[in-house]
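Working notes, structure below.
If you're wondering where the values come from, they're calculated on a predicted model, not measured in any experiment.
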Amino acid sequence: MYTAHPERYADLPYRRTGGSGLKLPALSLGLWHNFGPDRPADLQRAVLRRAFDLGITHFDLANNYGPPPGAAETALGGFLRTDFAPYRDELVISTKAGYLMWPGPYGEWGSRKYLLSSLDQSLRRLGLDHVDIFYSHRYDPDTPLEETMGALHAAVQQGKALYVGVSNYPAEQTREAARILAGLGTPLTVHQPRYSLLDRRPEDEGLLDALDELRVGSVAYSPLEQGLLTGRYLDGIPEDSRAASDSPFLNREAVTEDLVARLRGLNELAAARGQSLAQLALAWVLREGRVTSALVGASRPQQLEECVAAVGNLAFDTEELARIDALVRP
């Protein structure tokens, strides 16, 4: 029988999500590619327990997480029953719909039929009557935004979600989504963009500015860039790494000599700050408070401990920021 650590709220800060009353931990756990039948159940359980013991109360999913699609929700649903049933009200569970889940014209994108059908399937896999956050996972250019946002609003009205968000939406569509939802009486609470030291698009394309103006929170995914910012690639490509596999998200061609040299420079700066490269990367994303939470994945509990230690030093001086920019934005 699992009993959560009594001091689990002592160290990790919690940040208000935009203008809402919802607070999220500075670090959230993403159940992307580490939760499914190809991973030992005891290891999955250990990761979830350690996360919660460290104060990570937000577990983030999507309908297609696994592999195979749906497996991560099914796995978490089992652990919610066996380990976390007494703590359900201390957890923020989020899921998304937008990418391909089943064949035919109703199995992806942003129609009302797909989003609400997918949410029902997610709730069955999770064994829950509601999720805390339900996201539209990607903008659908072929479905009226009023329909997509109306589906999110309906999920709240039906009691199947407490808050709604969008992910991977450009700034302009985010503004429009927020306007539509405000008119319906269900505010846009959170956006989940890809954001890291190596991917500055939310800054460059005005998304962070839009979120500030709209008072919408943000959960940054891939802050460690598929592992590039963990230090694993400082000496090239390990044979057991994602870049050495057949992953569609990171391949050998992306790990150039120039990139490795830049990573080594970042690692030197991290060492001068008393941090690992991963800790530097997470601290940078969280540095100004514009990002509510950074979303990390973990295949071992020890990785979570390293990530949580990053919040001990989120301050950067102007010289450090300039050096980082010189390394990643020459």
Side-chain angles (χ1 to χ4, degrees), residues 4 7-30 51-52 54-62 76 80 84-97 115 119 122-123 126 128-137 148-167 169 174-193 195 202 207-221 285-296 308 311 314:
E7 300 298 322
R8 57 190 175 277
Y9 295 114
D11 298 320
L12 195 62
Y14 296 81
R15 296 176 168 184
R16 193 169 297 279
T17 310
S20 77
L22 178 66
K23 290 184 177 180
L24 292 177
L27 293 173
S28 299
L29 179 65
F52 191 57
L54 290 167
I56 298 175
T57 55
H58 179 206
F59 296 165
D60 179 76
L61 304 109
L76 180 61
L80 289 175
F84 295 96
Y87 307 106
R88 170 63 184 100
D89 291 334
E90 296 182 46
L91 291 169
V92 174
I93 307 296
S94 61
T95 196
K96 314 176 197 72
L115 290 174
L119 177 55
S122 292
L123 292 174
L126 289 164
L128 298 175
D129 59 4
H130 74 276
V131 291
D132 298 284
I133 306 171
F134 182 48
Y135 288 91
S136 169
H137 206 167
T148 302
M149 295 304 107
L152 297 184
H153 171 65
V156 173
Q157 294 297 105
Q158 294 168 8
K160 296 176 182 179
L162 301 184
Y163 301 91
V164 299
V166 298
S167 180
Y169 272 52
T174 299
R175 291 180 188 276
E176 182 64 7
R179 184 193 66 78
I180 295 168
L181 284 168
L184 294 170
T186 296
L188 178 63
T189 298
V190 62
H191 191 301
Q192 192 172 126
Y195 183 47
L207 178 61
L208 292 185
D209 290 338
L211 298 182
D212 287 344
E213 294 168 18
L214 296 167
R215 300 187 70 206
V216 170
S218 57
V219 176
Y221 77 86
V285 166
L286 294 168
R287 70 196 184 283
E288 296 176 340
R290 300 183 80 185
V291 169
T292 311
S293 183
L295 191 61
V296 297
V308 168
V311 305
L314 300 182

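Between V164 and L181 the shortest side-chain heavy-atom distance falls below 4.5 Å. Residues L22 and I133 have side chains in contact (heavy-atom distance under 4.5 Å, counting atoms from C-beta outward). Using a 4.5 Å cut-off on side-chain heavy atoms (C-beta onward), L54 and L12 make no contact. Using a 4.5 Å heavy-atom cutoff, the side chains of R179 and L214 are not in contact. At a threshold of 4.5 Å between non-hydrogen side-chain atoms, the residues V131 and L119 count as touching. Counting heavy atoms from C-beta outward, L91 and L80 have side chains that approach closer than 4.5 Å.
Defined by atom type and a distance below 3.5 Å, a donor-acceptor pair is present between the side-chain atoms of S136 and Y169.
Nearest heavy-atom pair across A97 and L115 is O-CD2, 3.5 Å. Nearest heavy atom pair, residue M149 against residue A177, reads SD-CB, 3.5 Å. Of all the heavy atoms in V311 and P13, the pair that sits closest is CG2-CD, 4.0 Å. The shortest heavy-atom contact between L126 and I93 is CD1-CG2, 4.3 Å. Scanning both residues, T17 and S20, for their nearest heavy atoms gives O-OG, 2.7 Å. The two residues L24 and V92 make their nearest non-hydrogen contact at CD2-CG1, 4.0 Å.
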Is there a side chain to side chain contact (heavy atoms under 4.5 Å, CB included) between S122 and F134? Walk through the geometry before answering. CA-CA 10 Å; S122 292; F134 182 48; 5.9 Å; no
Apply side chain to side chain contact (heavy atoms under 4.5 Å, CB included) to Y195 and R290, showing your working. CA-CA 12 Å; Y195 183 47; R290 300 183 80 185; over 6 Å; no
Quick one: do D132 and R88 satisfy salt bridge (charged side-chain N to carboxylate O under 4.0 Å, His left out)? Show the steps, please. CA-CA 11 Å; D132 298 284; R88 170 63 184 100; 3.0 Å; yes
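Distance check: H58 NE2 to L29 CG gives 9.5 Å after rounding to the nearest 0.5 Å. Between L188 atom CG and T174 atom OG1 the span is 7.0 Å, to the nearest 0.5 Å. Atoms CZ and OG1, from R8 and T57 in turn, are 10.0 Å apart once rounded to the nearest 0.5 Å. Here OG1 of T95 is found 9.0 Å from NE2 of H137. Values are rounded to the nearest 0.5 Å. Between R175 atom CZ and L211 atom CG the span is 8.5 Å, to the nearest 0.5 Å. Considering CG of L152 and CG of L184, their distance stands at 9.5 Å, rounded to 0.5 Å.
None of D60, L295, T292, V296 except one satisfies the side-chain contact (heavy atoms from CB on, under 4.5 Å) rule with S28; the exception is L295.
Side-chain atoms of Y87 come within 3.5 Å of backbone N or O of A4 as a donor-acceptor pair. Without hydrogens or angle criteria, Y135 side chain to A62 main chain gives no donor-acceptor distance under 3.5 Å.
Summarising the local packing, CG of D212 is surrounded by more than 12 heavy atoms from other residues, nucleotides or ligands at distances under 6.0 Å. Counting heavy atoms of neighbouring residues, nucleotides and ligands inside a 6.0 Å radius, atom CZ of R287 exceeds 12 of them.
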